[in-house]
Amino acid sequence: MYVVKLNCYLVLQLLTAIRYAVPMASAFGAYLKRLRKEKGLTLKQVEAQADVSNAYVSLIERGLRPPPHPDILQRLAKVYDRPVHELMVEAGFLPQDAALEKKRKIEEAYTHVTNDPKYSSGTRIKGAALSLDAKRFIVEMYEKASGRKLLEGV
Amino acid sequence: MDAQIDTITAQSQPTLTGFCKAVLAKHASKWPPDEHLIAEEFVAFFDVPVFVGFEYVIQFAARLGIALSEEKLPSPLRGHNHCYEGTREIRVNIPESSMATTFGVREHTFFHELREQLEYDFRQLGSPIATPADMEKRAEEFATHVRARAIMQGLAPALEKVSEIKSGFWRGAAFVGAFAFMAALGLGCIILPNIEDQLPKP
């Protein structure tokens, strides 16, 4: 009877761990897969460049393994050309930096806007570079024109 | 071919697309045209008046079906324009000083943004003029030339009026005055992009 109770307890603990770990693993996996696709790399290419088993990377991408050790994240960051800090935040090893996250979302939205073939836009600016505020403004103009929300909650 | 093109006026096709088609038809053999030429054609096609104030610009934008507004834009934006599925909009920054307003910075910015709108049409027609690298420079040239050209084409009628003054002394003074006034206005249009950032702020 004790053994049955112990087994039930262990199963319950395992299910609880899975309940919280799977969404985290899935979200990180999807993020990692997106990075790889953006660079146009295959799993084998990642293996060759980052010295990380392609099978292991595949398991992470599919959410079947939790985020890897920071050492591995460092190698992947180099291959995917992203700051290590970003991967560490996504993996849950570092707290979310609200300001950085906001910047990332605005830049991502701005890239989407400039790549939309239905949308043409231009500016007259002082100097050569657009500020983050200016990019945000342009995204908001796009949202107004297209009816699409890209910066919800930002 | 030229006789056919001369009949295309803003009265028959008072749109940006109509203007682009007219320019393309007239200058296809020497493509792409420079901004001075496009500005000249623009002033003639749309009958841009000598003195272009912001009230004219608002009405002009409305005629073209462009939503125009003046508002405080985030730095470093002076103006913004977009086109999405046929809907066009231009926003112009509120000038930082009354001197900037006097020099016509809003009107200049409007024509800069309008030139970019023209480029979308030229691209749709399969005959782009600007590249991403030179669009900004071309739009600045266009804006300058449109305003200067409109002023200069008012000079001849002004001098004609002056020639009707009977008194020799006053006629001479009026000639000098009219010429100097128009030249100063034209010069103001030309130097604005170079002095805009140096204009005193309150």
Side-chain angles (χ1 to χ4, degrees), chain A residues 34 37-40 81-83 85-86 89 96-154, chain B residues 16 67 69 71-93 95-96 100 105-124 128 130 132-144 192-193 196-199:
Chain A
R34 183 172 58 82
K37 293 285 183 191
E38 277 174 9
K39 290 297 280 184
D81 196 23
R82 300 301 279 238
H85 180 267
E86 184 184 305
V89 167
Q96 198 86 279
D97 183 322
L100 267 180
E101 179 63 11
K102 181 178 162 186
K103 179 176 189 280
R104 186 185 68 81
K105 284 186 173 167
I106 291 172
E107 293 283 359
E108 209 170 86
Y110 179 73
T111 303
H112 174 91
V113 167
T114 55
N115 288 336
D116 187 342
K118 289 188 193 173
Y119 187 76
S120 299
S121 80
T123 58
R124 181 173 184 249
I125 65 170
K126 182 175 167 178
L130 283 173
S131 63
L132 191 68
D133 278 344
K135 287 180 181 175
R136 189 196 179 115
F137 172 82
I138 291 166
V139 172
E140 286 169 354
M141 291 299 103
Y142 173 86
E143 287 181 332
K144 188 188 159 204
S146 66
R148 299 184 61 183
K149 291 285 172 208
L150 300 180
L151 290 177
E152 216 141 21
V154 176
Chain B
L16 292 184
S69 58
E71 61 186 79
K72 188 83 193 88
L73 300 180
S75 178
L77 291 179
R78 289 184 167 136
H80 176 260
N81 78 87
H82 70 223
C83 181
Y84 184 81
E85 293 185 338
T87 305
R88 301 180 193 256
E89 190 168 351
I90 291 178
R91 285 172 190 240
V92 166
N93 191 34
E96 292 177 334
V105 78
R106 293 178 300 176
E107 294 82 347
H108 180 95
T109 299
F110 170 76
F111 285 117
H112 174 114
E113 302 302 332
L114 200 66
R115 175 62 184 88
E116 295 190 355
Q117 293 272 325
L118 287 173
E119 193 59 31
Y120 310 150
D121 284 70
F122 282 123
R123 217 184 302 143
Q124 285 275 78
D134 70 3
M135 183 73 252
E136 196 71 14
K137 181 171 168 279
R138 279 184 164 272
E140 279 294 274
E141 282 175 19
F142 174 82
T144 300
L192 173 66
E196 193 171 350
D197 294 333
Q198 279 78 48
L199 291 174

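Letters A, B, ... mirror the listed sequences (proteins, then strands); counts begin at 1.
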Can you find a heavy atom in the side chain of A:K126 that is under 4.5 Å from one in the side chain of B:S75?
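A side-chain contact under 4.5 Å is absent here.
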Counting C-beta onward and ignoring hydrogens, is there a side-chain heavy-atom pair between B:V105 and A:R124 closer than 4.5 Å?
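The answer is yes; the side chains approach within 4.5 Å.
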Provide the closest heavy-atom pair for [X] versus [Y] in the form atom of the first, atom of the second, distance.
X: A:A134; Y: B:P74; answer: CA-CG, 4.0 Å
X: A:K118; Y: B:Y84; answer: O-CD1, 3.5 Å
X: A:F137; Y: B:R91; answer: CZ-CD, 3.7 Å
X: A:G122; Y: B:Y120; answer: N-OH, 3.2 Å

Side chain, backbone, both or neither: which part of [X] has a non-hydrogen atom closer than 4.5 Å to chain A?
X: B:T109; value: both
X: B:E119; value: neither
X: B:H112; value: side chain
X: B:L73; value: side chain
X: B:E89; value: side chain
X: B:R88; value: neither
X: B:E85; value: both

Between atom NZ of A:K144 and atom NE2 of B:H82, what is the distance when rounded to the nearest 0.5 Å?
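If we round to the nearest 0.5 Å, A:K144:NZ and B:H82:NE2 are 6.5 Å apart.
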To the nearest 0.5 Å, tell me how far B:E136 CD sits from A:I125 CD1.
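Here the rounded value is 6.0 Å.
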Kindly check if the number of other-residue, nucleotide or ligand heavy atoms within 6.0 Å of CD (B:Q124) is above 12?
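At most 12 heavy atoms, drawn from other residues, nucleotides or ligands, come within 6.0 Å of this atom.
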Quick check against the 3.5 Å criterion: does A:T123 have a side-chain atom that pairs as donor or acceptor with the backbone of B:L77?
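Absent.
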